[in-house]
Amino acid sequence: MSPERRCDYVWIFLIGLTLVSAWIAEASFEAGLGITLLVAAIIGIKGRMVIDHFMELPHANRRIRFMMRLYFLMLPLITLLVHLFGDAIARATSIS
Amino acid sequence: MTEIATLPPPRGISIFSEAQGRIPGNKGIWVGIYCEMTEFALMFTVYFLAKSHFPAVFQEGPTRLATSAGTANTVFMLTSSFFVVRALHAVRGDRIKSAIRWLFLALMMGLSYLVVKFLEYRWYTSQGIRISSSAFFTVYYYLTLNHLVHVFWGSLGILFVLVRTKMGAYSSQGYEGLEAFASYWHAIDLAWLGIFPLLYVLR
C-alpha cells in the first residue's frame with residue numbers, strides 16, 4: 001500500500017473515532033468505568049496513530065519515538081487513575 | 001598541554017543523537033515540540049488535579065459546552081494534519097503544485113478552527129459562561145486559549161511554508177524545513193487530541 005493511501009485510511013479512521021467520541025458526549029453517559037476506559041482508549045489510539053502515521057516516527061530517532069509514544073500512554077493511564085482514585089488524589093494534594 | 005591533546009573526544013550528550021536514528025525535520029524543532037508538550041503536560045496536570053478536587057463541577061461543566069464546536073475543531077485539526085502529510089508526500093515526489101494545493105487546504109482548516117473557536121467563545125460569553133464561572137471553566141479557558149495561540153502561530157507557519165514551497169525552496173532533494181514544520185503542526189494536533197476528550201467528552 002502506498003504511504004498516501006495508508007494516510008487516507010488513517011485519516012478516515014481518526015475521523016470515525018472522533019464521531020464516536022462526539023456520540024459519547026451527546027449521549028450523556030454517566031462517567032462510569034466503561035465509558036472512561038473507552039474515552040482513554042480513544043485518546044491513546046488517536047495519539048499513537050498520529051505519532052506513527054502522520055509524524056512518521058516508527059523508523060525515526062528511537063528516543064524521540066519513545067517519548068512521544070510514552071506521552072500518549074501516560075495521558076490515558078492518568079485519565080483512568082483519576083477516575084478510579086480521584087478522592088485519594090484530592091486528599092494527597094490538599095493543603096491543610 | 002600534552003595531556004589535553006591526548007584526551008578522548010567528549011561523549012555526545014544530546015538526547016537527539018543522529019546515532020539513535022533519523023530525526024524528522026531538525027533537532028531545533030524537536031526542542032520546540034518537547035517544550036510545547038511539556039507545557040500541555042503541566043496544563044493537563046492542572047486539569048487532573050482540579051477534576052480530583054471538584055468532581056461534581058467537572059461532571060456538570062462539559063454538559064454546558066458545545067460538543068458540535070469541539071467535534072468540528074477536532075475534524076479541522078486532524079484534517080489539517082492529514083493535508084500537511086499529503087503536502088510532504090507531494091514534495092518528496094517533486095509534485096510541487098500538488099503540495100501547494102495541500103498546504104492551502106491545510107491553512108483553510110487552521111483558519112476554520114480559529115473561526116469556530118471565536119464563535120464558540122462568543123456563544124459562551126452570551127450564555128454568561130466566563131473564566132471565573134467554575135473551576136471547570138477556568139481550566140477550560142486555560143487549556144483552550146493556550147491551544148488557540150498555538151493554532152494561530154501554527155497557521156502562520158503553514159502560510160510561511162506555503163510561500164517557501166511556491167518559491168521553490170523544497171524538493172525531493174531537500175525538504176527539512178517543511179518536514180520540521182509538519183512535525184510541529186502534528187504536535188499541536190496531538191495536544192487537541194488530549195483536550196477534546198478530557199473537556200468535551202468525559203464527564
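A note on names: the letters A, B, ... follow the listed sequences, proteins ahead of strands, and every chain is numbered from 1. For the numbers below, each heavy atom of this structure counts, side chains included, while hydrogens, waters and symmetry mates do not.
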Engineer: Do the side chains of B/Met37 and A/Met67 get nearer than 4.5 Å, heavy atoms only?
Structural biologist: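 Result no, sub-4.5 Å side-chain heavy-atom pair not found.
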Engineer: Which atoms of B/Val201 are under 4.5 Å from chain A, going by heavy atoms: the side chain, the backbone, both sets, or neither?
Structural biologist: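 Both backbone and side chain of B/Val201 come within 4.5 Å of chain A.
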Engineer: Just verifying a value: how many Å separate A/Met68 CE and B/Ile33 CD1, rounded to the nearest 0.5 Å?
Structural biologist: 6.5 Å
Engineer: Quick check for you: to the nearest 0.5 Å, what is the distance between A/Ile51 atom CD1 and B/Asp189 atom CG?
Structural biologist: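 Between atom CD1 of A/Ile51 and atom CG of B/Asp189 there are 10.5 Å.
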Engineer: Looking at B/Leu49, B/Leu78, B/Thr71, B/Val84, which one has more heavy-atom pairs under 4.5 Å with chain A than the rest?
Structural biologist: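 Most heavy-atom pairs within the cutoff with chain A belong to B/Leu78.
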Engineer: Heavy-atom cut-off 4.5 Å, strictly under: side chain, backbone, both or neither for B/Phe196 against chain A?
Structural biologist: side chain
Engineer: What part of B/Phe40 is in contact with chain A, defined as an atom under 4.5 angstrom from a non-hydrogen atom: side chain, backbone, both or neither?
Structural biologist: both
Engineer: Tell me, side chain or backbone of B/Thr79 under 4.5 Å from chain A's heavy atoms, or both, or neither?
Structural biologist: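 It is both, since atoms from each part get that close.
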Engineer: Based on non-hydrogen pairs under 4.5 Å, which of A/Leu81, A/Leu14, A/Asp8 is most in contact with chain B?
Structural biologist: A/Asp8
Engineer: Are the side chain of B/Arg203 and the backbone N or O of A/Ala25 linked by a donor-acceptor pair below 3.5 Å?
Structural biologist: yes
Engineer: Between A/Ser94 and chain B, which part of the residue has a heavy atom less than 4.5 Å away: side chain, backbone, both or neither?
Structural biologist: both
Engineer: Can you find a heavy atom in the side chain of B/Leu198 that is under 4.5 Å from one in the side chain of A/Ile43?
Structural biologist: yes
Engineer: For B/His53 and A/Ala90, work out which heavy atoms get closest and say how close.
Structural biologist: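 Of all heavy-atom pairs spanning B/His53 and A/Ala90, the closest is CE1-O, 3.2 Å.
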Engineer: Hey, could you give me the NE2/CZ distance between B/His89 and A/Arg5, rounded to the nearest 0.5 Å?
Structural biologist: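 That separation rounds to 13.0 Å.
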Engineer: With a 4.5 angstrom heavy-atom cut-off, which part of A/Phe72 approaches chain B: side chain, backbone, both or neither?
Structural biologist: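 Side chain only.
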Engineer: Can you check whether B/Pro24 reaches A/Leu57 side chain to side chain, under 4.5 Å on heavy atoms?
Structural biologist: yes
Engineer: Should the ring pair B/Phe82 and A/Trp11 be called parallel, tilted or perpendicular, given that the plane angle runs from 0 to 90° and is split at 30 and 60?
Structural biologist: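 Judged by the thresholds at 30° and 60°, the geometry between B/Phe82 and A/Trp11 is parallel.
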Engineer: How many angstroms lie between atom CG of B/Leu190 and atom OH of A/Tyr71, to the nearest 0.5 angstrom?
Structural biologist: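 Rounded to the nearest 0.5 Å, the CG-OH separation comes out at 9.0 Å.
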Engineer: Kindly indicate whether the side chain of B/Ser183, heavy atoms from C-beta on, has any atom under 4.5 Å from the side chain of A/Glu56.
Structural biologist: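 The answer is no; the side chains never approach within 4.5 Å.
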Engineer: Would you call A/Val50 and B/Met77 a side-chain contact if the rule is heavy atoms closer than 4.5 Å?
Structural biologist: no
Engineer: Would you mind checking which part of B/Leu88 comes under 4.5 Å of any heavy atom in chain A, side chain (CB onward), backbone (N, CA, C, O), both or neither?
Structural biologist: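 When you check distances to chain A, only side chain atoms of B/Leu88 fall under 4.5 Å.
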Engineer: Pick one of side chain, backbone, both or neither for B/Ala187, based on which atoms fall under 4.5 Å of a heavy atom in chain A.
Structural biologist: both
Engineer: Between B/Tyr200 and A/Glu26, is any pair of side-chain heavy atoms under 4.5 Å apart?
Structural biologist: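 A side-chain contact under 4.5 Å is absent here.
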Engineer: Is the number of heavy atoms from other residues, nucleotides or ligands within 6.0 Å of OH (B/Tyr121) greater than 12?
Structural biologist: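 Yes.
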Engineer: Looking at side-chain heavy atoms only, is the closest gap between B/Phe48 and A/Ile89 below 4.5 Å?
Structural biologist: no
Engineer: With rounding to the nearest 0.5 Å, note down the distance linking OG in B/Ser81 to CE in A/Met55.
Structural biologist: 8.0 Å
Engineer: Measure B/Arg86 against the heavy atoms of chain A and call it side chain, backbone, both or neither at under 4.5 Å.
Structural biologist: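 Side chain only.
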Engineer: Can you tell me which portion of B/Ala41 sits under 4.5 Å from chain A's heavy atoms? Options are side chain, backbone, both or neither.
Structural biologist: both
Engineer: Could you report the tightest heavy-atom contact between B/Thr67 and A/Ala22, atom names first, then the distance?
Structural biologist: CG2-O, 4.0 Å
Engineer: Tell me, side chain or backbone of B/Leu193 under 4.5 Å from chain A's heavy atoms, or both, or neither?
Structural biologist: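 Both the backbone and the side chain of B/Leu193 come within 4.5 Å of chain A.
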Engineer: Roughly how far, to the nearest 0.5 Å, is the CZ atom of B/Phe44 from the OG1 atom of A/Thr79?
Structural biologist: 8.5 Å
Engineer: Any chance CZ of B/Phe152 has more than 12 other-residue heavy atoms, nucleotides or ligands included, within less than 6.0 Å?
Structural biologist: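 It does not: B/Phe152 CZ has 12 such atoms or fewer within range.
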